[in-house]
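Since we're looking at a predicted model, the values are computed, not measured. Numbers restart at 1 for each chain; the letters A, B, ... are given by sequence-line order, proteins then strands.
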There are 2 protein chains.
Amino acid sequence: MTGNTRFAVSVHVLAYLAFKDGGQTTSAEIASSVNTNPVVIRRLLSALVKSRLVIAHKGAAGGFSLASAPAKITLLDIYRAVEPQPDHGLDRFVPNTKCPVGSRIETILRTAFFKAQTGMEAQLAATSLADVHQQLKGVCTAKK
Amino acid sequence: MTGNTRFAVSVHVLAYLAFKDGGQTTSAEIASSVNTNPVVIRRLLSALVKSRLVIAHKGAAGGFSLASAPAKITLLDIYRAVEPQPDHGLDRFVPNTKCPVGSRIETILRTAFFKAQTGMEAQLAATSLADVHQQLKGVCTAKK
DNA sequence: CTTTTGGGTAACATATTTGGTTACATTACA
DNA sequence: TGTAATGTAACCAAATATGTTACCCAAAAG
């Protein structure tokens with residue numbers, strides 16, 4: 001195993017909401033689809049609400065719904081909402097500054113990691129929740 | 001903090017070996033530059049030796065040296081040597097297959113994660129240990 | 001051939017992260 | 001007012017990461 005399941009579960013959650021097409025859905029119902037505890041779902045949704053991807057409706061007859069059209073939500077939006085900025089351990093990485101390598105490597109690593117992250121995020125930005133929704137419905141339009 | 005320090009430390013280690021320019025270096029010396037325990041370094045180097053990036057010399061007067069020219073070693077080589085294949089938690093992700101979303105989301109996620117990973121790896125492949133070495137020496141040739 | 005030096009690796013301790021769970025306050029609708 | 005939902009804190013257990021000690025083995029030096 002590598003990494004946590006937050007991003008995977010979050011995409012699942014938003015895909016579920018897209019599938020429900022605007023209707024409100026409770027955390028319990030989503031949790032049943034994800035096979036986990038409603039609190040786990042609400043924790044993730046809390047972050048997604050803060051990032052304005054989802055709207056929470058409190059009180060009886062409450063639930064969650066998408067804050068915007070699936071075509072306007074990319075996987076990158078979701079990723080950024082639920083994942084901390086990755087640093088590849090750079091904050092725990094404290095080399096010996098007396099060493100010519102140790103004193104200069106950190107900046108080099110930061111640059112390299114930033115480029116790698118950018119490359120990944122560009123790919124995430126290329127897929128929208130609408131794309132996911134299309135695939136979910138098994139609809140295959142003629143082209144692509 | 002996010003992620004482990006294996007990749008960052010490994011790049012540091014190989015940069016150190018490149019800096020030593022072919023000479024053998026002990027795990028103790030490298031550990032001093034990284035500010036950690038020699039065993040930690042040897043554990044990482046063990047993976048790098050298995051991936052043929054480094055040669056280990058046992059016995060007295062032993063040590064480690066690069067297995068090939070820095071220009072032939074990319075950050076992607078290092079990344080693959082020391083990091084497990086990331087799966088974004090997909091092996092722990094077991095949605096409810098009775099649900100139309102849960103039953104189909106996994107394949108969609110796999111595709112998305114693969115694209116993201118590919119985007120990141122392309123960037124890592126674009127930087128070689130020779131590039132890192134250049135930056136370390138502070139050498140700035142006229143063009144980029 | 002014995003000593004010395006250094007890699008290889010198992011074993012263990014500790015800290016952190018993650019995900020699940022319970023509990024409970026708050027909100028809003030009927 | 002009662003009910004059903006979110007919001008969130010608190011806690012636990014499992015997994016992970018890193019440091020550390022210990023000990024084996026290999027190879028050069030003498």
Original post:
With sequence neighbours left out, what residues match A:T74 under side-chain contact (heavy atoms from CB on, under 4.5 Å)?
Top reply: A:L76, A:D77
**OP:** Using atom CG of A:N4 as one end and atom P of C:dG20 as the other, report the distance to the nearest whole Å.
**Re:** 11 Å
Subject >> Any A:T5 side-chain nitrogen or oxygen under 4.0 Å from OP1 or OP2 of C:dG19 >> reply: yes
Subject >> Distance, rounded to the nearest Å, where A:L90 contributes CG and D:dA17 contributes P >> reply: 16 Å
**OP:** Quickly work out the A:F93 CZ to D:dG19 C1' distance and round it to whole Å.
**Re:** 16 Å
Subject >> Length of the CD1-C1' vector between A:I41 and C:dT21, whole Å >> reply: 14 Å
Original post:
To the nearest angstrom, how far is B:R92 atom CZ from D:dA13 atom P?
Top reply: 18 Å
**OP:** Rounded to the nearest angstrom, tell me the gap between atom CG in A:L45 and atom C1' in D:dG7.
**Re:** 12 Å
Original post:
What pairs meet the salt bridge (charged side-chain N to carboxylate O under 4.0 Å, His left out) rule with one or both residues in residues 25-38 of chain B, with sequence neighbours excluded?
Top reply: B:K20-B:E29
Original post:
Can you check whether B:H12 and A:F93 have ring centres sitting under 6.0 Å from each other?
Top reply: yes
**OP:** Say whether, by atom type as modelled, one donor and one acceptor occur between the side chain of B:S46 and the main chain of B:R42 under 3.5 angstrom.
**Re:** no
Original post:
How are the rings of B:F113 and A:F7 set to each other: parallel, tilted or perpendicular (split at 30° and 60°)?
Top reply: tilted
Original post:
Out of D:dT6, D:dA17, C:dG20, which has the shortest distance to the side chain of A:T36?
Top reply: C:dG20
**OP:** To the nearest Å, give me how far apart CZ (B:R6) and C1' (D:dT18) are.
**Re:** 10 Å
**OP:** List in chain and number order the residues that pass side-chain contact (heavy atoms from CB on, under 4.5 Å) with B:N35, two or more places apart in sequence or in another chain; answer none if no residue qualifies.
**Re:** A:N96
Subject >> Point-to-point distance, once rounded to the nearest 0.5 Å, from CG of B:L14 to CZ of B:F19 >> reply: 15.0 Å
Mind listing the N/O atom pairs, protein and nucleotides 8-11 of chain D, below 3.5 Å?
residue : atom : partner : partner atom : Å
D:dT8   : O4   : A:R42   : NH2          : 3.4
D:dA10  : N6   : A:R43   : NH1          : 3.3

Subject >> Rounded distance in Å - CG (B:N37) to C1' (C:dA11) >> reply: 14 Å
**OP:** Mind running a 4.0 Å heavy-atom check of residues 54-61 of chain A against DNA chain D and sending the residues that fall below it, in number order?
**Re:** A:A56, A:H57, A:K58, A:G59, A:A60
Original post:
Does B:T107 offer a backbone N or O that forms a donor-acceptor pair with the side chain of B:T111 under 3.5 Å?
Top reply: yes
Original post:
If you look only at pairs with a residue in residues 56-74 of chain B, which of them pass as a salt bridge (charged side-chain N to carboxylate O under 4.0 Å, His left out), with sequence neighbours excluded?
Top reply: none
Original post:
How do A:N35 and B:V49 order along DNA chain C: which one's closest nucleotide is nearer the 5' end?
Top reply: B:V49
Original post:
Between B:T26 and C:dG6, does any side-chain N or O lie under 4.0 Å from OP1 or OP2?
Top reply: no
